[in-house]
Amino acid sequence: MDKNTEWEWEIKPEERWFHLNLKDLIQYKDLLFRFVRRDILISYQQTILGPIWVFLQPLLTTLVYFVIFTKIAKIPTGKIPAILFYLPGTIIWTYFSECLNGTMNTFFANAYIFRKVYFPRLITPLSIILFHSFRLCIQLVLFVLVYLFFMYSHHDVTPSWWILIVPFMILISAVFALGLGLIVSVITAKYRDLDNILQFVLRLFMFAAPVVYPLSIVPEKYKLLFWLNPLTSVIETSRAAFFAPHIVYPEYILLSVISVVVILFVGLTLFRKREIEVMDVI
Amino acid sequence: MSNIVIKAENISKNYRLGVLGSRTLKEDLRNWWTKKSFDDNQPEGSPYAYSKEYIWALKNINFEVAHGEVLGFIGRNGAGKSTLLKIISRITLPTTGHIVGKGRTASLLEVGTGFHGELTGRENIFLNGHILGMKKKEIEKKFDEIVDFSGIEQFLDTPVKRYSSGMYVRLAFAVAAHLDPEILIVDEVLAVGDAEFQRKCIGKMKEVSSQKGKTILFVSHNMQALRNLCHRAIVLNKGQIINEGNPETVITSYLKSETTQYLQQSFDDSLSAPGNEFIRIKKVELVPEYIGEYDIIDIRTPLTVNFEFWYNMEEEDGLIVGVHLFDFNGDCIFDIASPNTSFKKGLIAGQCKIPGNFLNDGAYYISIVFVKNITQRMYYYESCLSFDVEDYRPPNAGWYGKWLGYVRPDFPVVLQSKEI
C-alpha cells in the first residue's frame with residue numbers, strides 16, 4: 001500500500017485558510033520579474049515621447065491642481081511654494097491609486113492566462129506593485145530635482161531628518177494598495193457592479209487624504225477621521241520630511257502601520273483562499 | 001505500489017448553468033436565501049445535487065497514474081476531459097474529491113499562453129517559459145535549442161505581432177517542447193501547425209515519453225496519435241469513466257460505440273418497403289471483410305455492398321442500378337453503374353465491391369439509383385447505408401496528421417537512384 005508514500009502536492013475542493021505557500025511564490029520569482037519587465041517594455045511601445053511620460057504625468061497633474069486649487073479656489077499651502085506642495089502628494093496619490101487599480105483588476109485582466117496555466121496568482125498583483133514602484137522611483141528623481149531648485153531659490157524650503165522615513169512611508173502606501181486591491185479583486189470578480197461604484201469611491205477618496213490641501217485647514221473635530229486613513233500619515237509625514245517646520249505624529253504613523261498590516265493580512269488570506277475558485281465565475 | 005505519481009479519488013465537478021459572468025449581488029442574496037430555506041426543509045445531502053441550475057461536468061472520477069506512464073483521455077466534446085485536465089493543472093478546483101501527487105507538474109492546455117504581441121520573440125520565449133514554470137537558468141540553457149526547434153532565428157528580435165500565424169505557433173510550441181517537468185499535462189496541442197511541424201512535435205512527444213521516462217497525461221481527438229503514444233487510455237462519457245485499459249482495445253470499442261453506422265436495412269413486406277410501384281427494396285447491406293483482430297472498418301478493409309429488390313417493370317425495359325458513394329460534405333466520391341439489362345418481374349440481387357486501400361478515412365454514405373432505359377430515373381434510395389472508415393497507420397508511422405485526398409489508394413510510388 002502507499003501509506004508511506006510522501007505526496008508532494010494535493011488538490012482539494014477548498015483551499016486552506018491562512019496558507020500563504022511562500023515556497024511556491026519563491027519558485028516563481030523569475031516570473032514575477034519577467035512580468036515587471038514586460039509591463040515596463042510595453043508601456044512605452046509606440047508612443048512618441050516614450051519614457052518621458054513618466055515625468056509628464058505628475059507634472060501635468062500638479063499644474064492642473066495648481067491652477068484649480070491655488071489660483072481659482074485659493075486654498076493656502078502655507079509657506080511652501082504651491083507647485084512643490086502638490087508634487088509629493090500627487091506622486092504618492094498616483095502611485096497608490098494606480099497600484100490599487102491594477103491589483104483590483106487582477107482576475108479580469110489576466111483571465112486569459114489564469115484559464116490556461118497555474119502559477120501562484122499572487123505573482124500578478126505583486127508584479128503590478130513592483131512595476132508602479134519602478135515608475136515611482138523615476139518620479140521621485142524628478143521631484144528631487146524640482147525640490148533642489150526650490151531649495152536654492154526659496155529659503156523657506158529645508159528638509160528634516162524625517163526624510164529617512166520616506167521610503168518606509170511609501171512602503172506603507174504600497175502595502176495599503178496591495179491589501180485593499182487583493183480584497184477588492186476577489187469581491188469584484190464575483191460582483192461586477194462593485195467595480196463601477198469603486199471607481200467613483202476611489203475618486204472621492206482622493207479628497208479624503210490631504211493630497212490637494214494641507215491638513216491644517218481641516219477643522220479640529222474631523223482631524224481624527226482623516227488620520228484613520230493611512231494615506232494621510234504617508235502624505236503628511238512626507239511633507240514634514242521635506243518642509244522642515246511641519247510636525248510629524250509618530251502615533252499616527254504607528255496607527256497606519258497597524259491598519260495596513262491588518263488590511264494586507266485580510267487581503268492575502270481572502271485572495272489565497274479564493275484565487276482558483278474565482279475563475280469559475282469570471 | 002509505490003511508483004504511483006498521481007492518485008485521484010472521487011473527483012466531481014459541477015458548473016453553474018446560465019450566464020456565469022453576470023452574477024449580481026441581488027441574485028446571490030436570493031440564491032443564498034433559497035438555499036437556506038431549502039436546507040431547512042431537506043435533511044442531508046448536497047443542496048445543489050437536485051437543482052437544475054447545476055450541471056455535473058465530472059462525476060466520481062478515480063484513477064491512478066504510475067511513474068513514466070503515458071495516459072490518454074478519450075471522449076467526445078463535453079465529456080469532461082478538459083475539465084479533468086484543468087483540475088489536475090490546478091486551474092479550477094474540484095467540487096468533491098481530492099488528488100494527491102508527487103513531482104513537478106507542468107500543463108500545456110494551450111501553446112503560447114501569455115505571449116505578448118508587442119514583445120519580441122526573444123522576450124516572449126522567456127515570458128512564456130516562466131509562465132509554464134521554467135526558471136531563468138533553465139531557459140537560458142535551452143535557449144538556442146528552442147530557437148533552433150522553432151526555426152525563426154532571423155525574427156528573434158521582431159515583435160511577435162508581426163509574425164505569421166505559423167511562425168507564432170512554431171515559436172510557442174518550441175518553448176513548450178522544452179519544458180522539463182516530471183509530469184506533463186497536454187490538451188490537444190498537437191493539432192497545430194503544418195504537417196512537417198506536426199511530425200516534429202509528435203517526434204518530440206515520443207522522445208519525451210519514451211527516453212526520459214516522463215509521466216504524461218493527454219487529451220486528443222487524434223486516435224492514431226493516442227494509439228501510438230499511450231500506454232493506457234481512459235474513456236470519459238458525460239463526466240464518468242466508462243472504459244479504461246489497453247489503448248488499442250479501448251480506442252476500438254470507443255470508435256465502435258461512437259459511430260452511428262447503418263450497415264444494414266431489410267424489409268419483409270413487399271408492399272410497405274421503401275420504393276414505388278416499380279421497385280421495392282428488400283435488403284441493403286454493407287459487408288466489411290475486417291482486417292486485424294478488431295471488428296472495425298479502417299482504410300484497409302474491403303467492403304461489399306449487397307442489395308435485393310422486388311422488380312416490377314415490363315420485360316422489354318432495360319434496367320441500370322447505380323451505386324453512389326458520398327462523403328459527409330455531400331461530395332460524390334464515385335458513381336458506378338451496372339450494365340443495362342432486362343429482367344423478368346421478381347426478386348433481383350445485386351452486389352458492388354469496394355476494394356480495401358481505396359477510401360480515405362472519413363464518414364461516408366451510399367445511395368442507390370434505379371434507372372429505366374438508360375435515361376429515366378425510377379427510384380432513388382437515398383443515403384440507405386452509412387459507415388465510417390477509420391484511419392490506420394502502421395506502428396511508428398511517425399506522422400499522424402490528417403491524410404489528404406478523397407481516396408487513398410496504395411498505388412506504388414517508386415524511387416530509384418540515377419547515380420551510376
Side-chain angles (χ1 to χ4, degrees), chain A residues 1-15 24 26-35 37-39 41-46 108 110-121 123-124 127 187-194 197 273-282, chain B residues 1-5 7-8 11-13 15-16 20-26 28 64 86-110 113-114 116-120 123-124 126-127 129-139 159 187:
Chain A
M1 295 308 285
D2 47 51
K3 264 177 196 162
N4 301 323
T5 320
E6 284 280 308
W7 298 112
E8 288 168 18
W9 45 265
E10 181 173 20
I11 297 165
K12 286 185 300 186
E14 300 248 330
E15 290 279 339
D24 210 17
I26 292 165
Q27 281 263 321
Y28 280 89
K29 71 171 193 320
D30 289 342
L31 178 62
L32 173 65
F33 293 115
R34 185 57 57 170
F35 274 154
R37 188 185 156 104
R38 172 195 68 182
D39 291 343
L41 283 174
I42 63 179
S43 53
Y44 301 108
Q45 291 252 328
Q46 294 201 342
F108 291 115
N110 296 286
Y112 71 105
I113 296 179
F114 289 180
R115 283 204 188 101
K116 295 295 177 189
V117 69
Y118 170 81
F119 54 84
R121 304 309 189 211
I123 293 285
T124 317
S127 79
I187 300 173
T188 49
K190 213 171 172 193
Y191 309 109
R192 288 200 184 179
D193 332 32
L194 287 182
I197 302 168
K273 172 86 178 138
R274 300 275 307 164
E275 62 181 0
I276 306 279
E277 242 171 294
V278 147
M279 290 315 295
D280 283 350
V281 295
I282 271 190
Chain B
M1 294 276 282
S2 59
N3 65 341
I4 299 292
V5 290
K7 185 174 178 180
I11 298 298
S12 300
K13 172 79 183 173
Y15 278 111
R16 193 171 165 278
L20 287 174
S22 68
R23 227 164 141 151
T24 60
L25 190 58
K26 191 179 122 198
D28 238 32
E64 287 181 352
K86 279 186 169 183
I87 290 173
I88 306 170
S89 310
R90 301 169 73 186
I91 288 162
T92 185
L93 294 173
T95 310
T96 68
H98 79 296
I99 304 177
V100 285
K102 51 189 166 186
R104 197 158 81 106
T105 311
S107 47
L108 273 180
L109 303 193
E110 171 190 79
T113 307
H116 200 290
E118 300 284 346
L119 298 180
T120 62
E123 284 290 332
N124 272 310
F126 279 96
L127 182 59
H130 289 321
I131 287 178
L132 293 174
M134 289 161 99
K135 298 235 168 77
K136 198 173 171 200
K137 276 188 191 146
E138 225 178 312
I139 302 175
D187 188 3

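In what follows, chains carry the letters A, B, and so on, assigned in the order in which the sequence lines appear, proteins first and then strands, with residues in each chain numbered from 1.
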Worksheet item: When you look at A:R38 and B:E118, which way does the salt bridge (charged side-chain N to carboxylate O under 4.0 Å, His left out) test go after all the steps?
Response: CA-CA 9 Å; A:R38 172 195 68 182; B:E118 300 284 346; over 6 Å; no

Fill in: Derivation of the side-chain contact (heavy atoms from CB on, under 4.5 Å) call for A:W7 and B:I99
CA-CA 10 Å; A:W7 298 112; B:I99 304 177; over 6 Å; no

Item to complete: Test A:R115 against B:E110 for salt bridge (charged side-chain N to carboxylate O under 4.0 Å, His left out), laying out the working first.
Response: CA-CA 10 Å; A:R115 283 204 188 101; B:E110 171 190 79; over 6 Å; no

Worksheet item: For B:R90 and A:I11, what are the C-alpha separation, side-chain angles and deciding distance, and is it a side-chain contact (heavy atoms from CB on, under 4.5 Å)?
Response: CA-CA 7 Å; B:R90 301 169 73 186; A:I11 297 165; 3.7 Å; yes

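Of the atoms belonging to B:S12, not a single heavy atom falls under 4.5 Å from chain A. Contacts between A:E275 and chain B at a heavy-atom distance below 4.5 Å are absent for every atom of the residue. Only the backbone of A:F114 comes within contact range of chain B, with at least one heavy atom under 4.5 Å from a heavy atom of that chain. B:T92 touches chain A through backbone and side chain together, each having a heavy atom under 4.5 Å away.
Residues B:I91 and A:I276 approach most closely at O-CG2, 3.5 Å, considering heavy atoms. Smallest separation of non-hydrogen atoms from B:T95 and A:P13: O-CB, 3.4 Å. Nearest heavy-atom pair across B:L93 and A:K12 is CD2-O, 3.5 Å.
From B:H116, atom NE2 reaches atom CD1 of A:I42 across 3.0 Å, with rounding to the nearest 0.5 Å. The structure places NE2 of B:H130 at 9.5 Å from NZ of A:K29, a figure rounded to the nearest 0.5 Å. With values rounded to the nearest 0.5 angstrom, A:D30 atom CG is found 11.5 Å from B:M134 atom CE. To the nearest 0.5 Å, atom OH of residue A:Y118 and atom CG of residue B:L109 are 14.5 Å apart.
In terms of heavy-atom pairs under 4.5 angstrom with chain A, the leader among B:K13, B:K86, B:R104, B:H98 is B:H98. Between chain B and the residues A:Q27, A:K116, A:E277, A:R121, the most heavy-atom pairs under 4.5 angstrom are made by A:K116. When each of B:G133, B:G97, B:A106, B:P159 is scored by its heavy-atom pairs under 4.5 Å with chain A, the top score falls to B:G97.
For the pair B:T113 and A:Y112, the minimum side-chain heavy-atom distance is 4.5 Å or more. The closest side-chain heavy-atom distance from A:R37 to B:F126 is not below 4.5 Å. Side-chain contact between A:F119 and B:L132: absent, with no pair of heavy atoms (C-beta onward) separated by less than 4.5 Å. Within the 4.5 Å cutoff, the side chain of B:I131 has heavy atoms near those of the A:L31 side chain.
Within 6.0 Å of NZ on B:K136 lie no more than 12 heavy atoms contributed by other residues, nucleotides or ligands.
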